[in-house]
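Each remark here refers to the structure printed beneath this line.
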Amino acid sequence: MKRFSLHSARRRARLYATGVVACAVVGTMALTASGPANAASVSTPGVTATSISLGATEPLTGVAANYNDIAPAMKAVFAWANAHGGVNGRQINLTIDDDQYTPSITATMTHQLVLQNNIFADVGSLGTPTQLQVQPYLNGLKVPQLFILSGCNCWSSSKYPYSSGLQTPYTVDGKILGSYVAKNFSGEKVGYFTQDDEFGFDAIKGLNMEIKGSSVVSKQTYVASTAAYVAGLQSQVAALQASGAKVVVLAAIPPFVGLFATTAATLGYTPQLVIDGVAGDPSAIGAPAALTTPAPNGQALLNGAITEAGGAFEDQTSNPWVRVATKLLTKYDSEVAKNGITGDELTGFNLGYLVYQALKAAGKNLTRQGLLNAIAADGKNFANSGFVPYSYSSTVHFGFEGEQLYKMSATATPITLPTGTFMGVTPVGPVYYTSPGAGPVKVWHSAQDKVPASLSSTA
Amino acid sequence: MTNSETGGLVVNEITVSFGGLTALDGVSLSVHAGEVVGVIGPNGAGKTTLFNIVCGFVRPESGTIVFNGKQLRRHQPHDLAKAGISRTLQGVGLWGGLTVVDNVMAGAQSTARADFASALFGLWRSSREESRIRQRALELLGELRIAEYANRYPLTLPYAIQKRTALARALMCEPNLILLDEPASGLSEAELQELGKLIIGLRDKMGVLLVEHHMDLVMSICDRLVVLNFGRVIASGSPAEVQANPDVTTAYLGQDIPTVDSPVANAGS
Amino acid sequence: MQFFLNITLGGIATGMIVAAVALGLVLIFRATNIVNFAQGAMAMMTTYIAYAVLHKGSGYWLAFVVALATGLLFGALTQVVLIRPLQGKSPLNAIIVTFGFLIFLEGLAGAIWGSQTRTFPAPFSEAGQKIGNTQIAFSPFDVFVVLAVLALMILMLVLFRGTDLGLRMRAVAFAPETARLLGVRVRPLLTLGWALSAAAGVLAALLVVPTSSLTPNFMDVILIYGFTAAVVGGLDSPVGALVGGLATGLSLAYVGGYLGGSLEPMAALALVIVSLMIRPEGLFARPAPRRV
Amino acid sequence: MGELRKKAQGLAAKPWFRMPRQPMLRHLSYAAVAVVFLYFLTQKLSAFNDYEVGEIAFYVVALAGLTLLTGVNGQISLGHGGFMAVGGFTLALLVEHTKWNVVPELAIAIVTSALVGALIGIPATRLRGPYLAGMTLMVALGLPYLTNQYDSFFGGDQGLTTPQPIGPASINPEQWLAWIQLACALIVLILLGNLLRSRFGRSFRAVRDDEIAASLAGIHVARTKVIAFMVSAGCAGLAGALLALSAGGVNSAEFPLSISIYLLAGMVIGGTGSLMGVWWGAILIVYLPTSWAPSLANHFHVNSQVSANLAVIIFGLVLVVGMLVAPGGIQGALRWVAVRVGAYFSPDGVPNMKLSLQEAPTDRAVHDSESVTQADKPGV
């Protein structure tokens, strides 16, 4: 009797299974395949007679997920615009994709936005490494990559005319802080504590333009990773302490400013802290331990730290921009309606309103080049909630180039958020502005832009 | 010991201890081609340790191992097959993820010549060798009368067939010496008979060194016996001589002379 | 000199926290022969629960106790649901399952509590102390860390060396069949082992969270360093875990202090490789005879 | 039904076509079919779908390598993202400093990552299970930081750019890229297929199942493990280089731990140890985070916090549930069905053996023979 050969059955089975794989691959492809999305009849991609399609890649999850409330606020502004007739008769559709702050995913999602969602422009995407990853791609296809949420100097480059940033360049941050240090702490030994990437490098560039090289006694860096949390910053802070620096300038992201302050407390090190605007919001630093733990001299560690901001803080409810943003977002952003406005949501509001104004200025006959031209021509005149006007021109692709200095203060009205109560801030001196290149830091005398009536009446 | 020129395995004055406990103490023995030598002794006498030293799993503290006139120094288990020594394991040690024929084919590793590149690019050099080895493995399975199981997975098969598969694998490298570690364990009476014939058949091509508890089998197939107790050789010679040795009787006193081991009992060891 | 002293003290404080994670890993390895990659994530979940308790207005110590108790329960549940079906299978399965559980829990925490960083207080001041005229980089909280971890290690030593329960747990880990034949009730012991280990993980998390901040993945790296420590010390030795933890903490501090922060993870990797090349089973593990 | 069965049995008894036995020829003939199929597929798809097909292709490469290492050789790696980074950076450095064609660049990326694989693989031969898992996890976490430490060379956070290779003007760039990536995937599958059907494949499995028996059979256990590690790392390096081409650049943030985790989940869902199953895993890795999870979240109207974490949760579930319930993965389940269907139509009749998922054919690293092998191993 012939035996059943399991082996041959298995070999056949393997063949069948292989076939099934092949079929399934086809099936999956076929299901997910779709032609270029609802091909517009007009020649400009992403623009129809009634709609404009925009895209943004944001870290909704991952290490930078702290910023995941910015894009929804931008979208809320578009919802407001759409409810009031859109821009030049077109409704704005914004697709927000999560890139997890991972450049390879940014690349995929940006390809999807361009090739499949057929976007007109990429607006308000966040992150230096993530947006650098797609800068060549977007510029190669002449897709505008506008108002990137990053202060890297790299967005204003003649090589990539379709890119522009929104945040104050880190070099400008550095120059303004540097001039303050030079003026107020002259003769003191200064130390730097900076992030080991473009953020830190650009900030140091600005600091070095203002602070005498001889007074800088120690430059410490850290890598922004969870690994650095665990190992702590003892070595860096101890080195600064050992160098005798009495003033420490921090170009660090908020959690590391908190960690720095905690570590300094452990070491009994109480320098004057001068903190880059990236971590200018005490609530973003979010380390009450650092804020409340009494330092050896009995003072809260961050009390008296100098920092900077380009616009009003969300708790400054007397500011008309904060009022109008809160009102608008409460209506169109469920998160704000539930938990109140945060600094990031204020940024998102500003961003959304900037996009809205730019589209409006580009006119009825919307093209990509037309949009860029409109920003170059009118960008300086777009209203914003910051202390200085936008700097956009045909050559400058930065949003803000000015900062107001603040002092973190235990006696100022504290900021209360669902995640805790944080110390408040009080303004110090006038608003300063400068360019990332050579040139002095100047005082800005004019008042903040007025909230346009069209906005305040409809929000 | 004077036979070292004539070939075969010569183990000379091997001593080894684990954590102060002497496992083997000056043990010497020799196996020559065409000879079946049995190592017997109570549990814990050091039989398996002896095998492990020959195979290179354990380094002796003193003593030498000479095979075919060449001393084995710091040798690794995987060098053994190339040197012409094979070993079966006390359990079967088959690979569950390979078919019976693949298990046996792997035994030819030491004779395989195809290099990595030819395997990677699937060159004829590699595939021809594969067919040759497969052919040889199927032949061997045929000789051991288990060819019909060639494409089955071994751990689903009866124990006796697994043991034969393991033997076939050990024979693939065409050894001059084969070490059999309790080949009879777990086998039925009828299977023992066949095993005995098989082992005697091996004698034509190679020397056989076996560790075995099953006295009937040992007595009937071995040309010479070496008796270990507490790591020492207490007797050696022909089966009849050993049986007559009073030391051997004493060594086994107080414990049953094991006859048929069950695989279950083995599994616990 | 002060620099060296301060980074050394910093290294010790980090090392003790790392040791706490390592102790939890060792506990599970001794009880079940498995390295629980999900330990950090399990502790992260209970830390969020402690956070919730804290924000209900309860004091720190109530939150502390609640976290430990939840950790015990969570560990036991995990063993019953996930680990029990794995007993007797390839160790690879256990690695993949615990690793998958880690991913799952981090996603779940993100879905429930969001990914934003939260802050968690310390029970004692984190400010360094003055001894005479010298400022010492060692805060009351650091003292608490050291004492808590030492207490944990002593408890484990007593459990394994001094009690019948501990002996039975060891027996169960290394010879479950034999232990069963000898009449040891295996299942509840394994569950107990997991419960205790999860609690050790929670302790580590509560010690690390004040200086870090609470996010769904805040335990990732500390787990890796804890693993480093456990491997260096020997996966089945509590004393080894402590020594390994200190060695890891100090290596990280010195490498970070003198060579640069980016090299710290590689320093841990190098530490593991070197120590395994010298002693594959770890410094404090008894060498097991090779089984043939 | 009976008619059909008879007919099928007749066909099975006298196959009208037999695949060549020689591995290279056999695998080439499979590949030829795949080439035709994939050519028409990529023609038919939109540019973005082509881009995704390309991504699937490089994940196939990485998964095939991981499957060889973990599934076939039994060494677990949680650090393949690290090897991908090595390949990606090698390619980017070559692009920056040379004017070579993409083919030698990819080849050098493979060699470099294989060498780094050897560096990790050599100490790894002394490690087992959890030790190895932890060490490779550290590779994944540690390697990318090195690029920060030497940022003038590796471009710091900004990293290095790797322009998309441009083909003939008539072919759109996404399609051209997809072809390059698919070609690499097919070549890798063919070569690994060859390798697994050679004595090396046998040694890999033998070492996985029982190292002691393997060494007694003359297999150099340590060398075999290092070879598996090198081949696997080489595949990962190629995948990393191909990823760099898709992404347009490499930087230290590009290869996070999550890539290593995705790879592990992809391997498990495909069926650990199955070379064909890697397609399933690759499809999951490409579509789940960017497409399926968001639509699922949409469909159930969950809030953004949940939807943002859905993919991660599903990957975790795949690992846990896959390992506990279906260690054979999708490919194992397919085979299980196919064996039954095949047996029904087989002239030999219904299989007389109990065949369960647990026992489905060979290449399961994660196999359940522990109880048997323990009995196999005698004491010293």
Side-chain angles (χ1 to χ4, degrees), chain A residues 2-6 8-10 12-18 20-22 24-26 28-29 32-36 60-62 65 68 72 97-98 100-109 111-112 114-116 128-130 132-134 136-137 152 154 196-199 201 223 225 227 335, chain D residues 12 30 34 37 41 44-49 51-53 55 141 145 148 151 156-159 161 163-164 174 243 246-249 251 253-256 258-259 276-277 279-280 283 287 289-291 294 304 308-309 312 331 334-335 338-339 341-343 346 348-353 355 361:
Chain A
K2 205 175 160 197
R3 265 168 209 274
F4 167 70
S5 160
L6 200 57
S8 62
R10 274 179 180 159
R12 262 200 300 282
R14 196 168 296 172
L15 268 176
Y16 295 149
T18 309
V20 176
V21 168
V25 175
V26 192
T28 319
M29 295 289 136
T32 40
S34 53
L60 300 180
T61 54
N68 64 12
D97 280 336
D98 182 14
Q100 301 168 25
Y101 208 67
T102 303
S104 59
I105 299 184
T106 312
T108 306
M109 300 323 289
H111 276 80
Q112 181 168 28
V114 172
L115 298 172
Q116 190 146 303
T128 306
T130 48
L132 277 170
Q133 179 87 290
V134 292
Y137 173 70
C152 183
C154 33
D196 194 10
D197 63 10
E198 306 308 309
F199 167 30
F201 304 154
V223 177
S225 69
E335 186 58 34
Chain D
Y30 287 140
F37 161 66
L41 181 73
K44 190 109 185 64
L45 292 178
S46 72
F48 180 64
N49 291 136
Y51 180 81
E52 288 178 311
V53 169
E55 289 188 302
L141 281 172
Y145 293 122
N148 276 82
D151 44 20
D157 261 22
Q158 193 163 0
T161 50
Q164 206 165 307
E174 277 71 33
L243 184 153
S246 268
N251 57 44
E254 193 171 339
F255 301 95
S258 55
I259 286 203
M276 284 314 291
W279 287 97
W280 295 112
I283 289 173
Y287 284 112
T290 58
S291 169
S304 66
N309 287 285
V312 178
Q331 203 64 9
L334 283 180
R335 276 198 205 123
V339 164
V341 173
S346 155
D348 304 328
V350 180
N352 53 5
M353 280 194 55
L355 183 69

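Proteins come first, then strands; the chains are lettered A, B, ... in the order of their sequence lines, and each starts at number 1.
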| How long is the gap from CD on A/Gln112 to CZ on D/Phe48, to the nearest 0.5 Å? | 4.0 Å

| From A/Ile105 CD1 over to D/Ile259 CD1, what is the distance, rounded to the nearest 0.5 angstrom? | 7.0 Å

| said: Does any backbone or side-chain atom of A/Thr128 lie under 4.5 Å from a heavy atom of chain D? Answer side chain, backbone, both or neither. | reply: neither

| Nearest atoms (heavy-atom pairs only) where A/Gln116 meets D/Ser46 | OE1-OG, 4.3 Å

| query | side chain to side chain donor-acceptor pair (under 3.5 Å) with A/Glu335: which residues, sequence neighbours excluded? | reply | A/Asn339

| Are A/Thr108 and D/Glu52 close enough that some pair of their side-chain heavy atoms sits under 4.5 Å apart? | no

